[in-house]
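Heads up: the structure comes next, in structure tokens.
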Amino acid sequence: MFVILTYDAESERLGKIRKTCKKYLLPVQRSAFEGHLTEKRLRLLKEDIARVIDPEKDHVVLYVLSYGDQFRKFEIGKRARK
């Protein structure tokens with residue numbers, strides 16, 4: 001499956017989040033990553049991200065496009081208010 005990940009986080013955790021993302025995906029912008037993952041690697045990515053973010057302050061979005069035209073969106077943490 002193809003995964004796009006974006007995040008918005010407090011500055012003290014940005015490095016840890018970026019390092020975690022780079023273990024699984026390729027960076028395309030400062031807070032955006034993409035790549036192909038197996039279901040197992042996607043699960044591990046979500047678990048690792050959940051460990052490094054503060055879910056009350058940070059927000060991570062994963063767009064998952066499965067082969068066969070399926071689309072899933074996962075959000076981890078608090079969405080920024082405007």
Side-chain angles (χ1 to χ4, degrees):
M1 68 197 70
F2 187 75
V3 177
I4 300 168
L5 180 148
T6 63
Y7 63 87
D8 183 21
E10 301 265 321
S11 60
E12 62 267 15
R13 286 179 295 282
L14 290 175
K16 286 184 179 182
I17 295 171
R18 184 167 178 77
K19 184 176 180 179
T20 301
C21 292
K22 286 175 78 173
K23 287 176 23 182
Y24 298 92
L25 301 167
L26 298 172
V28 292
Q29 290 185 348
R30 281 193 183 132
S31 61
F33 291 80
E34 68 181 22
H36 295 273
L37 295 178
T38 63
E39 196 70 44
K40 180 179 179 180
R41 298 272 300 161
L42 175 61
R43 180 180 47 80
L44 293 172
L45 169 61
K46 291 192 294 185
E47 291 171 0
D48 283 355
I49 288 292
R51 279 193 284 274
V52 289
I53 71 163
D54 179 340
E56 296 298 317
K57 298 178 181 176
D58 305 328
H59 187 231
V60 177
V61 179
L62 292 113
Y63 298 93
V64 180
L65 294 91
S66 297
Y67 309 116
D69 299 325
Q70 293 180 354
F71 173 80
R72 293 181 288 166
K73 177 181 174 183
F74 300 97
E75 296 188 46
I76 303 169
K78 187 173 184 175
R79 179 180 292 199
R81 303 263 186 235
K82 295 207 178 194

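What you see is a predicted model, and the numbers here were worked out from it, not measured in a lab.
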Looking at H59 and V61, what are the two nearest heavy atoms and their distance?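 It is CE1-CG2, 3.3 Å.
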Which heavy atom of T6 sits nearest a heavy atom of A32, and at what distance?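 Minimum heavy-atom contact is CG2-CB, 4.2 Å.
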So how far is it from E34 CD to Y63 OH, rounded to the nearest 0.5 Å?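 The CD atom of E34 sits 13.5 Å away from the OH atom of Y63.
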Less than 3.5 Å apart, which donor and acceptor atoms pair up between the side chains of residues 20-30 and the rest of the protein, not counting sequence neighbours?
residue	atom	partner	partner atom	Å
T20	OG1	K16	O	2.8
K23	NZ	D48	OD2	3.1
Y24	OH	D48	OD2	2.5

Please test D54 against E10 for side chain to side chain contact (heavy atoms under 4.5 Å, CB included), starting from the C-alpha separation and ending with a verdict. CA-CA 9 Å; D54 179 340; E10 301 265 321; over 6 Å; no
Results of salt bridge (Lys or Arg N to Asp or Glu O under 4.0 Å) for R13 - residues two or more places apart only: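 For R13, the residues satisfying salt bridge (Lys or Arg N to Asp or Glu O under 4.0 Å) (neighbours in sequence not counted) are D58.
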I'd like to know whether E39 forms a salt bridge (Lys or Arg N to Asp or Glu O under 4.0 Å) with R43, so could you lay out the CA-CA distance, the side-chain angles of the two residues, the decisive distance to 0.1 Å, and finally the verdict. CA-CA 6 Å; E39 196 70 44; R43 180 180 47 80; over 6 Å; no
Less than 4.5 Å apart, any side-chain heavy atom of I49 and any of L62?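 Answer no - side chains too far apart.
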